Amino acid sequence: MAVSDHVDLDGFIAGVRRRNPGQAEFVQAVREVAQDIFEFIADKEQYHRHQILRRIAEPDRVISFRVCWEDDKGEIRVQRGWRVQNSNAIGPYKGGIRFHPSVTESVLKFLAFEQTFKNSLTGLPMGGAKGGANFNPRGKSGHEVMRFCQSFMTELYRHVGADVDVPAGDIGVGGREIGFMFGQYKRITNQFTGVLTGKGLEYGGSLIRTEATGYGAVHFLDNMLELAGQAIPGKRAVVSGSGNVALHAAEKFVELGGTVLTLSDSDGFIHDPAGIDQARIDWVKALKGERRGRIQDYVKEFTGATFHAGGRPWSVPCDVALPCATQNELTGADAKLLVANGCIAVAEGANMPTDLDGVHVFRTAKTIFAPGKAANAGGVSVSGLEMSQNSARIAWKEEDLRKMLIDIMRGIHDRCVEHGAVAGGKYVDYVRGANIAGFKKVADAMLAFGVV
Ligand code: NDP
Ligand code: 2IT
């Protein structure tokens with residue numbers, strides 16, 4: 001069959017939409033990747049013949065299950081849990097677990113699809129997966145969270161394993177929840193293995209894993225700015241979110257000489273014109289820890305700062321933007337405002353925080369724009385290093401891990417440049433570069449396996 005006989009992009013997306021009714025986030029993520037891949041594979045017959053993109057856009061399996069738990073009042077609560085195993089073409093399934101009321105099968109399918117390309121980009125041997133539940137950790141006691149995590153793992157344990165599928169944290173799942181889930185896995189199976197990453201240091205965790213996503217995003221930004229003849233010192237950043245990724249991105253940005261002006265949560269954002277320095281970041285870390293406080297309390301503590309209920313920080317003039325909260329939090333209109341206000345670079349700490357219109361605005365304006373699958377890959381990269389340490393039963397030193405993270409982010413950056421440089425190398429389309437580089441490794445492994 002000639003290449004021209006194959007289904008076109010619109011036809012392909014129409015098929016994805018038809019097969020996944022009501023799954024807007026999943027269709028959005030596939031579309032963003034497919035538009036670059038279609039161009040890349042236009043003259044590569046074997047990728048068409050083997051239906052590679054069609055196969056990657058169909059998860060290997062979607063497991064869904066009931067999670068029952070008892071709240072502190074003794075009432076039975078019923079939640080829905082999932083694990084989406086998208087692809088294990090280049091390594092065991094790997095990806096986080098999200099606990100948030102907005103979790104649906106569509107959200108987890110988009111995240112598992114993205115994770116497949118992200119993990120490939122890291123250069124480490126990891127496939128793509130994502131899991132989670134529509135459980136809302138906010139307002140729950142520690143005991144309730146423990147009971148939920150144990151019940152969740154009581155089903156999940158049969159689908160995961162150190163060489164099968166290795167979950168980690170994501171929104172609503174941090175060190176405490178990983179501890180509860182690891183404890184339950186160990187209790188059920190009687191095995192102490194590297195079945196999860198993001199573990200505590202006492203039981204097989206890796207130094208730098210907690211910091212890695214946010215730090216990695218800023219290292220990636222640093223690489224992009226350097227290539228463009230720019231640098232972080234003196235730059236002003238707007239950051240969204242106030243969780244693990246946002247606070248560590250803010251921390252690294254400040255350490256490298258920049259000023260952070262904003263943070264946010266699901267209630268709104270705070271703007272601190274004086275700059276959110278390390279002491280203030282530490283204060284927010286304590287606020288947002290296990291008691292999950294509200295960001296608006298910041299303005300009671302630090303005079304001069306303002307709280308903007310229900311808002312997102314994109315209207316605050318800045319040099320760079322770091323969206324680090326959740327998907328679709330930065331729209332086309334927000335992107336236009338950022339560009340008009342002089343923002344020159346965006347690095348996505350979150351997964352798909354910029355919607356398709358927003359990505360289009362940044363690409364058209366030639367804003368330096370790093371998609372999440374490249375910029376936030378530092379977290380899963382150090383998860384990969386945690387898996388290596390667990391397999392070898394060793395623990396690497398902090399300074400070595402810091403350096404490995406920097407090297408891995410540089411490698412991802414350079415892979416994006418290799419496939420994304422346009423206009424004679426003057427502009428790098430990091431979206432295209434990440435999509436193609438991530439796709440190629442997975443696709444070539446799939447070709448090697450034949451039809452499976
Ligand atoms: P956390 O749970 O630590 O923090 C999430 C933050 O985002 C909180 O400030 C939360 O506000 C806010 N938020 C969550 N959902 C919404 C929503 N629907 N609307 C507005 N604000 C929201 O999660 P992480 O920092 O770990 O994750 C943030 C992003 O980074 C996610 O997209 C995640 O997938 C991505 N990511 C995380 C990695 C990791 O290693 N943890 C690795 C790579 C990507 P509130 O306190 O009000 O809930
Ligand atoms: O989105 C992500 O890359 C993560 N939540 C981290 C996944 C992992 O396995 O460390």
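One-based numbering, in listed order, for ligands and for the atoms of each. Model, not experiment: these values are computed from the prediction.
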Original post:
Is there a side-chain contact between Phe135 and Arg77 (heavy atoms, below 4.5 Å)?
Top reply: no
Original post:
Side chain, backbone, both or neither: which part of Arg209 has a heavy atom under 4.0 Å from ligand 1?
Top reply: side chain
Subject >> Proximity of Arg138 to ligand 1 by residue part, where a heavy atom lies under 4.0 Å >> reply: side chain
Original post:
Looking at ligand 1, does any of its N/O atoms fall within less than 3.5 Å of an N/O of Asp267?
Top reply: no
Original post:
So is Ser242 in contact with ligand 1, going by heavy-atom distances below 4.0 Å?
Top reply: yes
**OP:** Would you mind checking which non-hydrogen protein atom is closest to atom 9 (O) of ligand 2, with the distance to 0.1 Å?
**Re:** Lys94 NZ, 2.6 Å
Original post:
Hey, is CZ on Arg187 packed in by over 12 heavy atoms from elsewhere, all under 6.0 Å?
Top reply: no
Original post:
Is there side-chain contact between Phe152 and Gln184, with heavy atoms separated by less than 4.5 Å?
Top reply: no
Subject >> Between Arg147 and Gln150, a side-chain donor and acceptor under 3.5 Å >> reply: no
Original post:
atom 20 (C) of ligand 1: which of Gly214, Gly174, Ser266 has the nearest heavy atom?
Top reply: Ser266
**OP:** Fit a plane to each ring of Tyr215 and His219, take the angle between them on a 0 to 90° scale, and name the class: parallel (under 30°), tilted (30 to 60°) or perpendicular (over 60°).
**Re:** perpendicular
Original post:
Should the proximity of Pro353 to ligand 1, defined as any heavy atom under 4.0 Å, be assigned to the side chain, the backbone, both, or neither?
Top reply: neither
**OP:** Return yes when Met352 approaches ligand 1 closer than 4.0 angstrom through a heavy atom, no otherwise.
**Re:** no
**OP:** Measure the distances from the heavy atoms of Arg209 to every atom of ligand 2 and state whether one is below 4.0 angstrom.
**Re:** yes
Original post:
Can an N or O of Arg294 be found at a distance shorter than 3.5 Å from an N or O of ligand 1?
Top reply: yes
Original post:
Considering only protein heavy atoms, which is closest to atom 2 (O) of ligand 1, and at what distance to one decimal place?
Top reply: Gly172 N, 2.9 Å
Original post:
Is the closest side-chain heavy-atom distance between Asn119 and Leu124 below 4.5 Å?
Top reply: no
**OP:** Please report which non-hydrogen protein atom sits nearest to atom 5 (N) of ligand 2, along with the residue it belongs to and the distance in Å to one decimal place.
**Re:** Asp170 OD1, 2.9 Å
Subject >> Which residue and heavy atom of the protein sit nearest atom 6 (C) of ligand 1, plus the separation >> reply: Gly243 N, 4.0 Å
**OP:** Show your working on salt bridge (Lys or Arg N to Asp or Glu O under 4.0 Å) between Asp297 and Lys300 and close with a plain yes or no.
**Re:** CA-CA 5 Å; Asp297 289 352; Lys300 293 185 208 147; 3.0 Å; yes
Subject >> Asn351 and ligand 2 - part of the residue with a heavy-atom distance under 4.0 Å >> reply: side chain
Original post:
Is the closest heavy-atom distance from Pro167 to ligand 2 below 4.0 Å?
Top reply: no
Original post:
Side-chain donor-acceptor pair under 3.5 Å between Trp69 and Gln79, yes or no?
Top reply: yes
Original post:
Under 4.5 Å between any side-chain heavy atoms of Val78 and Cys68, yes or no?
Top reply: yes
Subject >> Ring geometry between His308 and Phe269 (parallel below 30°, tilted from 30 to 60°, perpendicular above 60°) >> reply: parallel
Subject >> Nearest neighbour of atom 42 (C) of ligand 1 from the list Val107, Val380, Leu263, Thr213, on a heavy-atom basis >> reply: Thr213
Original post:
What protein heavy atom sits nearest atom 32 (O) of ligand 1, and how far off is it?
Top reply: Asn351 N, 3.2 Å
Original post:
Which ligand 1 atoms, with their elements, are less than 4.0 angstrom from a heavy-atom of Cys324?
Top reply: 28 (C), 29 (C)
Original post:
Mind checking whether Lys130 has a heavy atom under 4.0 Å from ligand 2?
Top reply: yes
Subject >> Shortest protein heavy-atom distance from atom 29 (C) of ligand 1, along with the residue and atom involved >> reply: Ala325 O, 3.2 Å
Original post:
When you measure from atom 27 (O) of ligand 1 to every protein heavy atom, which one gives the shortest distance, and what is it?
Top reply: Ile171 CG1, 3.6 Å
Original post:
Do Glu155 and Arg83 pass the salt bridge (Lys or Arg N to Asp or Glu O under 4.0 Å) test, and can you show the C-alpha distance, the side-chain angles, and the key distance before you say yes or no?
Top reply: CA-CA 10 Å; Glu155 176 60 32; Arg83 186 73 181 165; over 6 Å; no
Original post:
Is there a side-chain contact between Thr104 and Asn134, using heavy atoms and a 4.5 Å cut-off?
Top reply: no
Original post:
For atom 16 (C) of ligand 1, which protein heavy atom lies nearest, and how many Å away is it?
Top reply: Thr326 CG2, 3.7 Å
**OP:** Would you mind reporting whether Glu32 and Lys373 have side-chain heavy atoms less than 4.5 Å apart?
**Re:** yes
Original post:
Would you say Val245 and ligand 1 have an N/O pair spaced under 3.5 Å apart?
Top reply: yes
**OP:** Compute the shortest N/O to N/O distance between Gly241 and ligand 1 and return yes if it is under 3.5 Å, no if not.
**Re:** no
**OP:** Would you mind listing which atoms of ligand 2 come within a distance below 4.0 Å of any non-hydrogen atom of Ser383?
**Re:** 8 (C), 9 (O), 10 (O)
**OP:** May I ask you to identify the nearest protein heavy atom to atom 7 (C) of ligand 2, giving residue, atom name and distance to one decimal place in Å?
**Re:** Gly96 N, 3.5 Å
Original post:
Relative to the heavy atoms of Lys118, which atoms of ligand 2 are at a distance of less than 4.0 Å?
Top reply: 1 (O), 2 (C), 3 (O)
Original post:
Do you know which two heavy atoms are closest between Cys416 and Val428, and how far apart they sit?
Top reply: O-CG1, 4.3 Å
Subject >> Side chain, backbone, both or neither: Ser264 near ligand 1, heavy atoms under 4.0 Å >> reply: backbone
**OP:** Determine whether the side chains of Tyr93 and Gln115 contain a donor N or O and an acceptor N or O closer than 3.5 Å.
**Re:** no
Original post:
Has Lys288 got more than 12 heavy atoms of other residues, nucleotides or ligands less than 6.0 Å from its NZ?
Top reply: yes
**OP:** Measure the distance from atom 15 (N) of ligand 1 to every protein heavy atom, then report the residue, atom name and distance (to 0.1 Å) of the closest one.
**Re:** His100 NE2, 3.4 Å
Subject >> Shortest reach to atom 11 (O) of ligand 1 by a heavy atom, considering only Val382, Asn328, Asp265 >> reply: Asp265
Subject >> From the candidates Asp170, Leu111, Thr210, the one that places a heavy atom nearest atom 36 (N) of ligand 1 >> reply: Asp170
Original post:
Which atoms of ligand 2 have any heavy atom of Ala168 under 4.0 Å away?
Top reply: 8 (C), 9 (O), 10 (O)
**OP:** Is it possible for you to check whether Lys186 lies under 6.0 Å from the centre of the six-membered ring of Phe192, through NZ or CZ, and within 45° of that ring's axis?
**Re:** no
Subject >> Heavy-atom side-chain proximity of Phe369 to Tyr430 below 4.5 angstrom >> reply: no
**OP:** Number the atoms of ligand 1 from 1 as they appear, then name those within less than 4.0 Å of a heavy atom of Ala350, with their elements.
**Re:** 29 (C), 30 (O), 32 (O), 35 (C)
Original post:
Is it the side chain (CB and beyond), the backbone, both or neither of Arg292 that lies under 4.0 Å from ligand 1, heavy atoms counted?
Top reply: neither
Original post:
What residue and heavy atom of the protein are closest to atom 46 (O) of ligand 1, and at what distance?
Top reply: Lys288 NZ, 3.1 Å
Original post:
Would you say the side chain of Asp334 lies within less than 4.5 Å of the side chain of Thr331, judging by non-hydrogen atoms?
Top reply: yes
**OP:** May I ask you to list the atoms of ligand 1 that are less than 4.0 angstrom from any heavy atom of Arg98?
**Re:** 31 (C), 32 (O), 33 (C), 34 (O)
Subject >> Derivation of the side chain to side chain donor-acceptor pair (under 3.5 Å) call for His143 and Ser141 >> reply: CA-CA 5 Å; His143 282 99; Ser141 72; 5.0 Å; no
